[in-house]
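Notes for the one structure printed next.
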Amino acid sequence: MRIATWNVNGIRARLEFVLHWLDARRPDLVGLQELKVTDEQFPYAEIEAAGYQSAVLGQKGWNGVAVLSRDGVEVTQSGLAGQEELGSRLLTARLGELSFTTIYAPNGKSVDHDDYERKLAWFDALAGHLDGRTGGAEQAVVCGDFNVVPAPLDSWDEQRLHGSVFHTDEERARIHRLYDMGLEDLFRKLEPESRTFSWWDYRGGAFHRNQGLRIDYLLATGNVAARVCSVETDRDYRKKKDGMTASDHAPVIAELTAPS
DNA sequence: ATGTCGGAATTATTCCGA
């Protein structure tokens, strides 16, 4: 089973690119973020023609998340209670025994901006919501754009950026709280030393300079993490392709063995 | 060069968010 997360930066602008990727990579279950469409504007038919059912939590213009599945989607959670004013940023679907949540964390802008405190509060609400859903025999994946660089190794320039947004101890504490709740970072589990990014700024030739951040991840409960056999950051889909413009994020894909 | 995108507001240009 292949699971993936991808911030597409606008599903209307990226549809051709996403269809190309679905056809090439054939993931079974995908979390998409930053759709920038209402539910009605989502291209259900085109995605269905590619072999996927879609569950969508959209909004006009900004944010928005979706779960794509080859085997149907039963939505069990749509939105994060109490955080609605920050936009459409969480969606959970159940596939058999597996709970699959995709999130798009608030950006925070900068540590001295009001949005930064709202970002921290959003993560606290996320932890509160997930509490009790990631322990015991629960099988869960929580994936998406976390907008936090979890450790110094995940930044292209920790020395310069430490303490700035995405790189603060407060944000990292929120990610560690998720780890403490039993969620493991699938990429880090398999690649403990690798400096591999998932996002590069459009500006300044950041991609070609490899000035990026690892802010997109697949977290999973231990019983799911035990099944992971490979994790890839799909850099090829951060590149222009046949005249199509890429998102500023690359997909992250993990392969899981069948449940025992 | 704070250098690029996608989308909104508003009507082809400017602003905003990332």
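Letters A, B, ... mirror the listed sequences (proteins, then strands); counts begin at 1.
The ring pair (Phe, Tyr, Trp, His ring centres under 6.0 Å) analysis of residues 112-165 of chain A, with sequence neighbours excluded, yields the pairs Phe146(A)-Tyr217(A).
Straight-line distance between the C1' atoms of dA1(B) and dA12(B): roughly 24 Å, to the nearest whole Å. The gap from the C1' atom of dC16(B) to that of dT10(B) amounts to 14 Å, rounded to the nearest Å. Separation of the P atoms belonging to dT14(B) and dG3(B) is 15 Å when rounded to the nearest angstrom.
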Report summary line: Counting primed atoms, P, OP1 and OP2 as sugar-phosphate and everything else as base, the B/S/- map of nucleotides 4-12 of chain B against protein heavy atoms under 4.0 Å is BSBSSS---

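For the pair Lys241(A) and Tyr237(A), the distance from NZ or CZ to the six-membered ring centre is under 6.0 Å and the angle to the ring normal is within 45 degrees. Note that Arg89(A) lies in the cation-pi zone of Tyr104(A), set by a 6.0 Å cut-off to the ring centre and a 45° limit from the axis.
At least one side-chain heavy atom of Asn9(A) sits under 4.5 Å from a side-chain heavy atom of Tyr202(A).
Atom CG in Asn107(A) sits about 11 Å away from atom P in dG17(B), given to the nearest Å. In this structure, Tyr116(A) places its OH atom 18 Å from C1' of dA18(B), rounding to the nearest Å. Between the CG atom of Asn63(A) and the P atom of dA18(B) there is a distance of 7 Å, rounded to whole Å. The distance between atom CG of Asp248(A) and atom C1' of dG3(B), rounded to the nearest whole Å, is 15 Å. One can place CZ of Phe146(A) at 17 Å from P of dA18(B), the figure rounded to the nearest angstrom. Residue His249(A) contributes atom NE2, which lies 8 Å from atom C1' of dA18(B) at whole-angstrom precision.
Heavy atoms of Arg238(A) sit nowhere under 4.0 angstrom from any nucleic acid atom.
Aromatic ring orientation, Phe17(A) versus Trp6(A): tilted (interplanar angle from 30° to 60°).
Across the interface with DNA chain B, nearest-nucleotide mapping of Gly205(A) and Asn7(A) shows Gly205(A) to be the residue nearer the 5′ end.
The local environment of CD in Glu84(A) is crowded, with over 12 non-hydrogen atoms from other residues, nucleotides or ligands closer than 6.0 Å.
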Query - Check against side chain to side chain contact (heavy atoms under 4.5 Å, CB included), Lys119(A) and Val165(A) - result: CA-CA 10 Å; Lys119(A) 176 182 190 176; Val165(A) 74; 4.1 Å; yes

